[in-house]
Amino acid sequence: MRTQVAIIGAGPAGLLLGQLLYRAGIANIILERQSADHVLGRIRAGVLEQVTVDLMDECGVGERLHREGLVHQGIELLFKGARHRIDFPGLTGGKTVMVYGQTEVTRDLMAARAAEGLPTVYEVGDSVSLHGFDGTSPQVRYRHGGVERQVDCEFIAGCDGFHGVSRASVPKGAIHEYEKVYPFGWLGLLADVPPVFHELIYAHTERGFALCSMRSPARSRYYLQVPLEERAEQWTDERFWAELRARLDPQARERLVTGPSIEKSIAPLRSFVAEPMRFGRLFLAGDAAHIVPPTGAKGLNLAASDVKYLAAGLIEQYRERSAAGLDHYSERALRRIWRAERFSWWFTMLMHKFPGTGEFDRKVQEAELDYLVHSRAASTALAENYVGLPL
Ligand code: RFL
Ligand code: PHB
């Protein structure tokens with residue numbers, strides 16, 4: 001078949017891009033390794049910046065998000081047994097964030113794509129290969145239902161996540177990778193119990209970091225910092241709840257409602273950037289080009305801003321025959337990415353317990369937290385990064 005843009009990956013980046021291009025009259029196909037149910041079964045991010053909410057609206061899929069999403073006006077930082085609130089609107093001139101799960105973002109985008117009858121091929125496994133993107137007529141080959149197929153296109157968008165084929169298809173030496181791996185992971189648990197508090201609690205404790213998040217007034221998402229060697233199977237629900245309780249302040253401990261888990265998994269923490277994000281007619285977007293540790297809740301939001309820039313560049317190319325937007329895509333996206341990388345790294349270093357660090361480092365961490373919540377300037381810096389820097 002022939003199309004204008006071949007999109008690899010039906011995560012948030014690929015689905016958002018497909019929708020923006022379709023609405024601009026640009027034909028596209030999405031090829032996805034997994035089944036739609038598998039993609040929807042992955043529990044990931046939960047906090048949307050206004051930029052991401054606006055993009056969902058632009059895609060015409062914001063209706064349920066505005067109905068069911070929870071507007072959050074702040075977060076709480078817990079350290080030395082006490083909680084301190086960071087007031088977003090007060091510090092940022094009225095800005096807030098929206099709590100709405102990545103699963104729901106993906107579900108809404110998939111439904112819109114299906115309703116328009118746009119081509120999406122699921123379950124292509126590892127069969128995708130990219131060709132000719134250094135010339136003018138790229139091709140994507142894949143296998144589906146035992147049949148080899150080829151897509152002739154004008155551009156390829158690599159939206160296939162950290163382990164995808166797109167970045168791996170770029171010749172070695174044409175790409176520079178920056179990486180930092182953290183010596184712990186996050187054990188996440190999802191349960192149909194009311195959240196312990198109506199806002200998110202980020203807890204720095206002697207036992208390690210904990211995060212109290214949510215998906216709705218009836219569904220909670222909790223995380224615990226755990227050593228990298230741990231397996232989710234080693235954590236019974238009882239063990240998880242006991243450890244979470246031990247990392248909370250007395251009031252939250254008392255209010256915590258526990259129940260059976262729906263999902264439990266461990267994610268490693270990593271910072272990663274690949275530069276540049278363009279190779280001829282192949283463009284990388286989202287986790288395919290960069291990873292942030294989840295502490296700042298930036299992963300999904302960065303995927304959305306990449307896509308906003310990339311869609312603008314492609315639309316300019318097709319409408320005005322101008323390559324300026326595409327030529328600036330990588331540089332423009334990377335500027336926002338590096339600022340989010342810095343914030344996510346800083347918040348991760350501040351909130352976690354680092355194995356092997358001495359008493360001095362721990363005292364400095366506590367002093368920084370104390371400064372952070374008592375200095376308006378420092379609180380503002382946290383708030384403006386958390387709600388999202390301007391595009
Ligand atoms: P995704 O969501 O990984 O989607 C990429 C899609 O590409 C498919 N794919 C392929 N398709 C065809 N051919 C191939 N060869 C392919 N290889 C892969 C994959 O099946 C997948 O469907 O990337 P995208 O769209 O860039 O979106 C980015 C976000 O998903 C990501 O930044 C966040 O979810 C990161 N993240 C979190 N971010 C937060 O802000 N808060 C969190 O709590 C949070 N938790 C997480 C996370 C990422 C995780 N991963 C990637 C391990 C928890 C986990 C476990
Ligand atoms: C989540 O709800 O999954 C979540 C929220 C905030 C974060 C990370 C994850 O910083």
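When a ligand or atom number is given, it counts from 1 through the structure's own listing order.
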Gln139 and Arg141: side chain donor to acceptor below 3.5 Å: yes

For [atom], what's the nearest protein heavy-atom neighbour? Residue, atom name and distance, please.
atom	result
atom 17 (N) of ligand 1	Arg33 NH1, 3.2 Å
atom 31 (C) of ligand 1	Asp287 OD2, 3.2 Å
atom 38 (N) of ligand 1	Ala45 CB, 3.5 Å
atom 3 (O) of ligand 1	Arg44 NH1, 3.0 Å
atom 21 (C) of ligand 1	Arg42 NH2, 3.3 Å
atom 6 (C) of ligand 1	Glu32 OE1, 3.6 Å
atom 33 (C) of ligand 1	Gln102 OE1, 3.6 Å
atom 18 (C) of ligand 1	Asp160 O, 3.1 Å

Within the 6.0 Å centroid threshold, strictly below: Phe354 and Phe184: yes

Pairs flagged by salt bridge (charged side-chain N to carboxylate O under 4.0 Å, His left out) wherever residues 313-335 is involved - sequence neighbours left out: Arg278-Asp327

Which residues share a ring pair (Phe, Tyr, Trp, His ring centres under 6.0 Å) with Tyr178, sequence neighbours left out: His176, Trp338

For Phe79, all residues meeting ring pair (Phe, Tyr, Trp, His ring centres under 6.0 Å), sequence neighbours excluded: His84

Per-ligand residue contacts, ligand 2, heavy-atom threshold under 4.0 Å: Arg44, Gly46, Val47, Trp186, Leu200, Tyr202, Leu211, Ser213, Arg215, Arg221, Tyr223, Pro294, Thr295, Ala297

Proximity to ligand 1 by part of Leu31, non-hydrogen separation under 4.0 Å: backbone

